[in-house]
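What follows is a set of notes on a single structure, which appears directly below.
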Amino acid sequence: METMTYSTQDIWTWWLAAYLYFGGLGAATLSITFLTDMYCRANPRLVLWGAISGVGMLALSSLVLFGHLLHHVAVIYVINPMVLFQEPQAWIAWGTQFILWMMVWGTLYAVPYMRESPAFLRLPLLGTLLQTRFAIWLSGCCQKRRRIVGWLATINGIGTAVYTGLVIQSFPAVALWHNPGVPLLFTVSAFSTAFAYLLIVLYLGKPSEHHELLTRRYELFDLILIATELVILFSFFNYTLSGSESGYRSAQLLWHDMGWLVGFMGLGLIVPFLLNLKGVVKGWSTSIPTIAASVLVLIGGYLLRHYFMYTGVYAYPW
Amino acid sequence: MTRYAMVIDLNTCVGCNACMAACAMENQTPVWKNKWRTYVHDKEIGMAEQVRRRFFPRLCNHCSNPPCMTVCPTGATYQRADGIVMIDPERCMGCRACAMACPYDARYEVSYHDIKEGRAFYGEEELQRDSPGMDKCSFCAHRVDKGLKPACVETCVGSARLFGDLDDPNDPVAQVVASGAAQPLMAYLGTRPNVYYINDMKRRG
C-alpha cells in the first residue's frame, strides 16, 4: 500500500523497562555472586548481600509486572511449571519460570550462610525460623549440594538475563527489537550492571579478606562488558540506519535524543568505561571514581531499556 | 478444510463507518474509549487539486502464523482449525504481549473499569464479558458458526468487504485472492495474514 503511518507504542512503557531492568540486574547479581563463591573464594558476606538484594530485585521486577496485569487471577497459568510444556514458544512463560526458580535456588544457596550469620539469627522472625529443625536439615542439604544448588541458580539467572532480551525480540513488527542483537545486548547489560552493583556493595561494605582481589576482578569484567556493549550498540547504530523504515525511524529517535546520547551513551557507558579503564590499568588512590562509575552504569542500564521501549517504531500501511 | 479470509476493496469503501458500529454492537467493544475491533482510517492523499480521501478499514488479520499467539504465555490466544484466531478471556492475564507483537494494531485492552462501563453501556444482563484482558476481532466466529457472515460484512453498504473460504475454489474470495488482485498487508513479516486488500491507487491514478 502507498500510505504509511509510523507510530511508537504506549502499551509497554517505563514500568516494563523497570521489569526488564530489575529482572536482568537481580538475576545477574545472583549468578555472579554464586559463581564467585563457588569458584573464586568462599565469601559469606557477598553471598548474603548478593542473594538478598538479587532476590529482592527479582521480586520487585515480578511485582511490577504483576501489578500491571489486567486479569491478576489468570497469572496462575504462568506460575504453574507445566506452562513450559503447554506454551514452550512463549518467552514470558520461560521468563516467569526462570525468575521464580532463580528466587528459590538463590534463597536456598544462601540458607547455610544465613544460619552462620549472627546478625541473621538475631532477626525477629527469620532468626527463629532459621533455628527450626527443618531449617537445620535444609541448610545441611544445601551445604552438601552447594554446587548443584549454585549451578541451578546460575542457569536460571543466565536464562532470566537472556529472556529480558528475547521477550522484546519476539515482536516482529519493530526492527529495533526483532533482531538477534537484542538478547545479546540485554544480557551483556544485565551482567555489566550486576558487576557495578556488586562493586558498590564491596566498596561500601566492611572490607573482607579478599576485597582487593575481588574488586580488581569485578572492575576488569565490568570494563570488558562495557566495551562489548559499546561494540554491540555501534552495530545497532549501523543496522538501524538502513534496511527498514521501522529501524530507520527508531535510529532517528534514538540518535537525536540527548537523553540517549549524553545520558546513556556518554554518562552511562563511555565515562564509566574511561574511569574503569584508568582503575584497571593504573589504579585509583580512592574508591570514589569506581563507585561513581558503578552508579553511572546502573543508571545507564535502566536508560537503555527505557529508550528501547519508547523508540520501537511500528510502520502501519494505512 | 475451511480457511476463512476477508477481502477488502478499497475502491468501494465509502467511509460510512457502519462496519464499526455493527461490530461494536455485535461484540460489545469499549467504544467509550475509542477502541474498536475494526476501524476505518480516513486519510487525505495527494496534493493541491489532486487531493482525495482514502478510507482504509483494518481489523485482526487472522494470520496463519500469528505472532500474537506465539508470545501468549497462558495459551489464551489460540487458533481454530478454520484459521480464526481467538482469545479465551478467562485464560488471558492481560500482559499485553500480544498487542506488542501484532503488526496490525488489532488488539486493545479491556480493564475492570471497562467491564463496569460496559454494564452501564450495553446493559447489566446483556454484557457477555465478565473478566478483563485483551480483545480483538474474531471474524464474528459465533455468527460464522451459525452460517452467518461477520457483522461488518453483513452491514457494508458498498460491498467493500467479502468473507469466504480460501480452500473453496468456487468461493469468490478464493478466486479474487488467487487472481492476485487482492494482496495481504506486510506479507514480508512472515505472519501469513488472511485479510486481503484490493488497492484503489492504480484505478484512480
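These figures come from a predicted structure and were not determined experimentally. Protein chains get the first letters and strands the later ones, always in sequence-line order, with residue 1 at the start of each.
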- Message: Can you give me the closest heavy-atom contact between B:E90 and A:A74, atom names plus distance?
- Response: O-CB, 4.0 Å
- Considering only heavy atoms, which portion of A:M309 lies under 4.5 Å from any heavy atom of chain B: side chain, backbone, both, or neither? side chain
- Query: What do you reckon, is CH2 of B:W32 surrounded by more than 12 foreign heavy atoms closer than 6.0 Å?
  - Reply: yes
- A:H68 side chain to B:R96 side chain, donor-acceptor N/O pair below 3.5 angstrom: yes
- Is the shortest heavy-atom distance from the side chain of A:Y316 to the side chain of B:D105 under 4.5 Å? yes
- Query: Looking at B:M100 and A:W12, what are the two nearest heavy atoms and their distance?
  - Reply: CE-CB, 3.7 Å
- Message: Can you tell me which of B:S131, B:A97, B:G75 forms the most heavy-atom pairs within a distance under 4.5 Å of chain A?
- Response: B:A97
- Query: Can you name the nearest heavy-atom pair linking A:A90 to B:P73, along with the distance?
  - Reply: CB-CA, 3.6 Å
- Query: Short question: side chain of B:K43, backbone of A:W318 - any donor-acceptor pair under 3.5 Å?
  - Reply: yes
- Task: Check A:T3 against B:I45 and note the closest heavy-atom contact, atom names and distance.
- Result: CG2-CD1, 3.3 Å
- So which part of A:V83 gets closer than 4.5 Å to some heavy atom of chain B, the side chain, the backbone, both or neither? side chain
- Name the option with the most non-hydrogen atom pairs under 4.5 Å to chain B; the candidates are A:I76, A:L16, A:I168, A:V78. A:V78
- Query: Does OH belonging to A:Y248 count more than 12 external heavy atoms closer than 6.0 Å?
  - Reply: no
- Query: Looking only at heavy atoms, what is the nearest atom pair of B:M69 and A:Q89, with distance?
  - Reply: O-NE2, 3.7 Å
- Message: Within this structure, what is the CD-CD1 distance for the pair B:E109 and A:I11, rounded to the nearest 0.5 Å?
- Response: 8.0 Å
- Between B:A101 and A:P172, what is the shortest heavy-atom contact and its length? O-CD, 3.5 Å
- Task: State the CG-OG1 distance between A:L69 and B:T74, to the nearest 0.5 angstrom.
- Result: 10.0 Å
- Item | Verdict with supporting geometry, A:F66 and B:M93, side chain to side chain contact (heavy atoms under 4.5 Å, CB included) | CA-CA 9 Å; A:F66 181 75; B:M93 64 176 185; over 6 Å; no
- Determine the option with the most heavy-atom pairs under 4.5 angstrom with chain A, choosing from B:C68, B:C72, B:S111. B:C72
- Heavy atoms from other residues, nucleotides or ligands near NZ of B:K33 exceed 12 (cutoff 6.0 Å): yes
- Per-residue contact mode, B:C102 against chain A (heavy atom under 4.5 angstrom): backbone
- Pick one of side chain, backbone, both or neither for A:W177, based on which atoms fall under 4.5 Å of a heavy atom in chain B. side chain
- To the nearest 0.5 Å, what is the distance between OH (B:Y78) and CD (A:E87)? 13.0 Å
- Item | Validation row: B:C95, A:I92 side chains within 4.5 angstrom (heavy atoms) | yes
- Stepwise side chain to side chain contact (heavy atoms under 4.5 Å, CB included) test for A:L70 and B:M134: CA-CA 8 Å; A:L70 292 167; B:M134 299 307 286; 3.7 Å; yes
- Note on the structure: Under 4.5 Å to a heavy atom of chain A? For B:C92 that would be backbone
- Task: Check side chain to side chain donor-acceptor pair (under 3.5 Å) between B:D42 and all other residues, then give those that pass, not counting sequence neighbours.
- Result: B:R53
- Close side-chain approach of B:V71 to A:F171, heavy-atom, < 4.5 Å: yes
- Message: Does any backbone or side-chain atom of A:H178 lie under 4.5 Å from a heavy atom of chain B? Answer side chain, backbone, both or neither.
- Response: neither
